[in-house]
Amino acid sequence: MPSNINLSFCLFILHLWAVISVTEQDIGVYEIKKGDFSVKVTNYGARIISVFLPDKHGEVGDVVLGYDTIEEYQNDTTSFGALLGRVANRIGGAQFTLNGTVYKLVANDGPNTLHGGAKGFSRVVWNVSKYNQEGSYPHITLTYHSADGEEGFPGDLLVSVTYALKDPYKLSVLMTAKALNKATPVNLAQHSYWNLGGHNSGDILSNVVQIFASHVTPVDKYLIPTGEISPVENTPYDFLKPRRVGSQIKELQSGYDINYALDSAEKMKHVAIVHDEKSGRVMEVEASAPGVQFYTANSLIQKGKGGYVYQPHAALCFETQGFPDAVNHPNFPSTIVTPGKVYVHKLLYTFSIMKYWNSY
Ligand SMILES: *[C@@H]1O[C@H](CO)[C@@H](O)[C@H](O)[C@H]1NC(C)=O
Ligand SMILES: *[C@@H]1O[C@H](CO)[C@@H](O)[C@H](O)[C@H]1NC(C)=O
Ligand SMILES: *[C@@H]1O[C@H](CO)[C@@H](O)[C@H](O)[C@H]1NC(C)=O
């Protein structure tokens with residue numbers, strides 16, 4: 001009976017369509033907006049692709065590095081704007097032992113694992129589960145189901161990130177992850193490259209920075225922590241008092257790329273403040289994480305938005321997170337999430353305008 005054949009064929013197509021549409025969403029670009037403050041996000045890697053903000057003259061500019069097309073993000077090796085996981089930063093020897101079991105990970109940084117492995121969470125397509133472009137609560141929620149064994153990590157993990165705009169000029173990032181069936185390390189981080197003078201305004205060496213941390217976790221030549229937690233006092237790492245990023249950078253090999261142990265015992269901690277005098281823009285960073293990787297884009301050479309070529313020190317990154325390689329250092333705060341438990345990492349950027357910073 002032809003009509004039956006047609007019906008089952010239709011159902012088959014419908015089924016195919018349903019399977020394809022629920023398992024793999026299209027890659028899209030989503031904007032959230034509040035007046036002259038707007039942020040664009042893509043569900044490819046849950047990345048922030050632009051942040052538009054006024055300067056001291058009221059002129060709006062884009063203050064994060066990135067690309068013009070999704071294809072360029074798919075080729076990206078810098079992690080521009082990405083949401084990093086399952087474990088951001090490095091894991092030494094690409095392995096760890098948890099409760100007697102050795103887990104071998106994908107090594108993608110010499111013998112080590114960087115930012116979750118070859119794909120991590122920054123080269124996969126996330127689901128868009130909520131989206132409100134404007135109004136009183138502009139926000140987007142992206143979710144990702146990381147499968148048991150993905151990149152070598154144990155257990156299924158349900159990950160979510162919500163980017164939201166709040167008054168006045170606040171961008172909040174709420175990262176959560178629920179372990180479904182096995183204990184696993186989790187360390188999510190937002191990896192935007194900030195240049196408050198504008199993404200194509202040159203280097204950030206004259207920016208004034210304050211970092212609310214008296215200690216760093218020193219690293220070996222592969223950037224794996226030695227396990228020490230050392231005072232910043234009398235070192236180029238001391239940003240306890242605001243000063244220019246470039247003022248002592250020559251004492252380092254190529255620039256800053258180090259995890260700071262944040263001082264505050266509060267749940268929501270002061271992380272850093274940055275001031276770009278030319279534009280007048282200020283960014284304050286607060287987070288619930290115990291550490292922040294401060295990175296000055298030391299090896300960056302990359303063609304980006306509008307064909308502009310980003311050079312070393314074209315941006316600052318404040319990757320709030322757990323300590324690098326924590327899973328191999330029992331003296332670092334634990335990053336293990338047990339089944340049924342939810343990891344929560346809150347991050348808040350507050351933008352403002354300031355002509356002079358009197359305290360430096
Ligand atoms: C991506 O990388 C490939 C290989 O290097 C290159 O041929 C291609 O042009 C790149 N695509 C974009 C959009 O940059
Ligand atoms: C997207 O949602 C669908 C339907 O809930 C689910 O089957 C799929 O695994 C999700 N994809 C990701 C990447 O989380
Ligand atoms: C380790 O194993 C013990 C005994 O099986 C169990 O009670 C505990 O919850 C496990 N810990 C983790 C982090 O999985």
Side-chain angles (χ1 to χ4, degrees), residues 13-30 40-50 64-88 106 108 115-132 139-163 173-182 184 186-191 193 199-200 299-311 314 337 339-340 342-345:
I13 292 294
L14 197 65
H15 175 76
L16 257 188
W17 174 81
V19 167
I20 291 166
S21 65
V22 297
T23 51
E24 178 99 344
Q25 283 200 348
D26 289 340
I27 298 174
V29 173
Y30 301 83
K40 278 187 186 154
V41 167
T42 172
N43 58 328
Y44 179 72
R47 292 171 186 242
I48 292 178
I49 61 181
S50 69
V64 291
L65 276 51
Y67 306 103
D68 291 323
T69 64
I70 296 297
E71 289 69 34
E72 289 166 286
Y73 280 99
Q74 288 172 321
N75 266 4
D76 169 59
T77 55
T78 67
S79 299
F80 281 162
L83 206 287
L84 304 174
R86 182 179 298 204
V87 176
V106 173
N108 62 329
H115 297 333
K119 283 186 150 192
F121 293 173
S122 60
R123 296 167 187 281
V124 296
V125 182
W126 294 52
N127 280 341
V128 178
S129 67
K130 287 178 197 158
Y131 176 48
N132 206 351
H139 71 287
I140 183 167
T141 299
L142 304 151
T143 55
Y144 180 67
H145 181 166
S146 172
D148 183 12
E150 198 174 299
E151 306 278 20
F153 288 103
D156 290 274
L157 189 73
L158 285 185
V159 188
S160 149
V161 58
T162 297
Y163 295 110
V173 184
L174 173 62
M175 296 163 258
T176 70
K178 184 174 186 181
L180 295 188
N181 36 44
K182 289 183 191 161
T184 177
V186 177
N187 185 28
L188 305 181
Q190 220 302 321
H191 202 318
Y193 282 64
H199 78 96
N200 55 357
S299 52
L300 187 65
I301 294 192
Q302 181 62 55
K303 192 162 112 186
K305 294 174 191 174
Y308 186 81
V309 180
Y310 303 124
Q311 301 288 334
V337 179
V342 180
Y343 159 100
V344 178
H345 177 179

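Indexing begins at 1, ligand by ligand and atom by atom, following the structure's order.
For the residue pair D76 / T78, a side-chain donor-acceptor distance below 3.5 Å is found, with atom types taken as modelled. Using modelled atom types and a 3.5 Å distance limit, the side chains of T42 and R47 yield no donor-acceptor pair. No side-chain donor-acceptor contact under 3.5 Å links Y30 and N43.
Those atoms of ligand 2 with a heavy atom of Y144 less than 4.0 angstrom away are 13 (C), 14 (O). Close contacts between ligand 2 and V125 involve ligand atoms 13 (C) [criterion: under 4.0 Å to a heavy atom].
Counting heavy-atom neighbours within 6.0 Å of K305 NZ, excluding the residue itself, gives a total above 12.
Using a 4.5 Å heavy-atom threshold, the side chains of Y193 and V64 count as separate.
Within the 4.0 Å heavy-atom shell around ligand 2 one does not find L158.
Note on residues 143-158: pairs passing salt bridge (charged side-chain N to carboxylate O under 4.0 Å, His left out), not counting sequence neighbours, are D148-K182.
In this structure H199 satisfies the ring-ring contact (aromatic ring centres under 6.0 Å, His included) test together with Y310, sequence neighbours excluded. In this structure, K178 has no salt bridge (charged side-chain N to carboxylate O under 4.0 Å, His left out) partners at least two apart in sequence or on a different chain.
Below 3.5 Å of separation, one finds an N or O of H145 facing an N or O of ligand 2.
When heavy-atom distances to ligand 2 are checked against a 4.0 Å cut-off, V124 has no atom that comes that close, whether in backbone or side chain.
Residues of the protein with a heavy atom under 4.0 Å from ligand 1 are E71, E72, N75, listed by chain and number.
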